2 protein chains.
Amino acid sequence: MGRNGLEQDWLSSTQQRLEGAGHRPSGPRSAVIELLARQTCCLTAREITDLLREDGRDVGTATVYRALELLHSLGAVQRLDTGERFARYEAADPSGEHHHHLLCARCGRVSQFEDERLERAIAGLADRLSYRVEGHDVVLRGTCPGCAEPIA
Amino acid sequence: MGRNGLEQDWLSSTQQRLEGAGHRPSGPRSAVIELLARQTCCLTAREITDLLREDGRDVGTATVYRALELLHSLGAVQRLDTGERFARYEAADPSGEHHHHLLCARCGRVSQFEDERLERAIAGLADRLSYRVEGHDVVLRGTCPGCAEPIA
DNA sequence: GTGAATGCAAACTCTTTGCATGACT
DNA sequence: AGTCATGCAAAGAGTTTGCATTCAC
């Protein structure tokens, strides 16, 4: 299944979940959800607002935050804190599949990766800790290929 | 080498590094450094200010932040963002040894762990990525033993 | 004496909340 | 009607900055 299929999955399952929880498919909120469905990686609240405006769909800041909070509480959106002073948000795969992030220290760009071995290490680790582990975030910091190029 | 030895190591190597960079061992900044040396885990800026006040060493908020920023830029302090709305800081082992953190979703308490297998997984991962990876943070979220106890 | 460091208060940024307006069932 | 949702503006919270004063060398 390609990316369009996944988009559709997330979009429709999220809309269903919202409806099931008694929420209405209003215009502004739908715009946020549809935008998130189209992304390949995380966005800040500001970026979401700006992208929607470029699309001619002005949505108030508070509405964006409220939509994100709602989606996060339903598990449809992952909130990501990379140590910048703002949060990033992205669609969370309903199947539980997930990836982690790479942050370029120079340009601030965020990209993503998956690693099965890392997931296994964390799962094994969770077993030996006295915490009940329910989730995890991994952020790698470094220099992206573009920024690492020789300055010459 | 026990904890006192490590404290001493960090304290003196940090003081040396500051002096080497042309900074003066002033009272307020030294108080911050000495406090950090005594900790076993990360503190927020607010906690640092409050603990110093309890010790009778009033240090202004701005000074605390400036000290932390300076120490961070020298690599002597690690800054940790757990997705709460504030950062946490802790002494960074000069040897490069490090640990990661567990955050209790209920009480907000932070504890730490080390895991060699996790470190190896990340090191292996870094090799196959096109990024030049310079650091990483891992945060596990869950419920701490205290909060997981039956309510009865 | 000179440059660094401090502390206060004001400024800033991201995020949340109060409240009146508007939309959907 | 009765909710839920929106948008603006104001409030909050953590962090940073401007600036005059104080401190260390």
Side-chain angles (χ1 to χ4, degrees), chain A residues 14-35 42-53 55-74 76-89 108 110, chain B residues 14-35 42-53 55-74 76-89 108 110:
Chain A
T14 298
Q15 286 165 338
Q16 275 183 4
R17 240 190 293 199
L18 279 174
E19 197 184 321
H23 296 284
R24 296 171 185 164
S26 72
R29 187 154 60 203
S30 297
V32 172
I33 296 173
E34 285 157 25
L35 177 66
C42 49
L43 293 177
T44 66
R46 181 69 193 285
E47 287 168 343
I48 291 170
T49 309
D50 290 346
L51 286 170
L52 289 175
R53 183 157 314 159
D55 275 8
R57 313 196 62 171
D58 275 35
V59 175
T61 313
T63 301
V64 170
Y65 278 107
R66 283 192 274 239
L68 292 171
E69 185 203 340
L70 177 59
L71 294 167
H72 180 63
S73 74
L74 293 173
V77 153
Q78 186 194 345
R79 181 179 171 153
L80 172 69
D81 280 271
T82 55
E84 297 155 302
R85 71 180 71 200
F86 38 79
R88 291 172 182 274
Y89 302 85
V110 175
Chain B
T14 298
Q15 285 165 338
Q16 273 182 6
R17 238 188 295 198
L18 280 174
E19 197 184 320
H23 296 284
R24 299 169 183 168
S26 72
R29 188 154 61 203
S30 296
V32 172
I33 297 173
E34 286 158 24
L35 177 66
C42 49
L43 293 177
T44 65
R46 181 69 194 286
E47 287 168 342
I48 291 169
T49 309
D50 290 347
L51 285 170
L52 288 174
R53 184 157 313 158
D55 275 8
R57 313 194 64 170
D58 276 35
V59 176
T61 312
T63 300
V64 169
Y65 278 105
R66 283 192 274 238
L68 291 171
E69 185 202 340
L70 177 59
L71 294 168
H72 180 63
S73 73
L74 293 174
V77 152
Q78 186 194 346
R79 180 179 172 153
L80 173 68
D81 278 272
T82 55
E84 297 157 298
R85 71 178 70 200
F86 38 80
R88 291 171 185 272
Y89 303 83
V110 175

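Here is the naming used below: chain letters follow the sequence lines, and residue numbers restart at 1 for every chain. Everything numeric in this text was worked out from a predicted model, so none of it was measured.
Here the straight-line distance linking atom CD of Glu69(B) with atom OH of Tyr89(B) works out to 9.0 Å at 0.5 Å rounding. Taking CD1 of Ile48(A) as the reference point, atom OH of Tyr65(A) lies at 9.0 Å (rounded to 0.5 Å). We find the CG-CG distance between Leu43(B) and Asp50(B) to be 10.5 Å, quoted to the nearest 0.5 Å.
The nearest heavy atom of DNA chain D to Thr44(B) and to Asp58(A) marks one nucleotide each, and the one closer to the 5' end goes with Asp58(A). DNA chain C is contacted by both Arg85(B) and Ala62(B); Ala62(B) maps to the nucleotide lying nearer its 5′ end (nearest heavy atom per residue).
A search for side-chain hydrogen bond (donor to acceptor under 3.5 Å, both in side chains) contacts involving Glu84(B) returns Thr82(B), Arg88(B), not counting sequence neighbours. For Thr63(B), the side-chain contact (heavy atoms from CB on, under 4.5 Å) test picks out Pro28(B), Val59(B), with sequence neighbours left out. Remark: Gln78(B) engages Asp137(B) in a side-chain hydrogen bond (donor to acceptor under 3.5 Å, both in side chains) (not counting sequence neighbours). Partners of Arg66(B) according to the salt bridge (charged side-chain N to carboxylate O under 4.0 Å, His left out) rule, which considers only residues two or more places apart in sequence or in another chain, do not exist here. The salt bridge (charged side-chain N to carboxylate O under 4.0 Å, His left out) check on Arg85(A) picks up nothing, with sequence neighbours excluded.
Side-chain contact between Ser73(A) and Leu70(A) is present, with at least one heavy-atom pair separated by less than 4.5 Å.
Between the CZ atom of Arg88(B) and the C1' atom of dT15(D) there is a distance of 16 Å, given to the nearest Å. For the pair Leu52(A) CG and dG7(D) C1', the interatomic distance rounds to 14 Å; values are reported in whole Å. Per the geometry, CZ belonging to Phe86(B) stands 15 Å off P belonging to dT16(D), to the nearest Å.
Sorted by first and then second residue, the pairs that involve residues 56-65 of chain B and meet salt bridge (charged side-chain N to carboxylate O under 4.0 Å, His left out), not counting sequence neighbours, are Glu34(B)-Arg57(B), Arg53(B)-Asp58(B).
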Listing time: all N or O pairs from protein to nucleotides 22-25 of chain D that are below 3.5 Å?
| unit_1 | atom_1 | unit_2 | atom_2 | d |
| --- | --- | --- | --- | --- |
| dA24(D) | N3 | Arg24(B) | NH1 | 3.4 |

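Contacts between residues 63-72 of chain B and DNA chain C, defined by a heavy-atom separation under 4.0 Å, are made by Thr63(B), Arg66(B).
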Side-chain donor/acceptor pairs under 3.5 Å, residues 17-24 of chain A, sequence neighbours excluded:
| unit_1 | atom_1 | unit_2 | atom_2 | d |
| --- | --- | --- | --- | --- |
| Arg17(A) | NH1 | Leu74(A) | O | 2.8 |

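Taking the 5' to 3' direction, DNA chain C first and last meets chain A under 4.0 angstrom from a heavy atom at dC14(C) to dC24(C).
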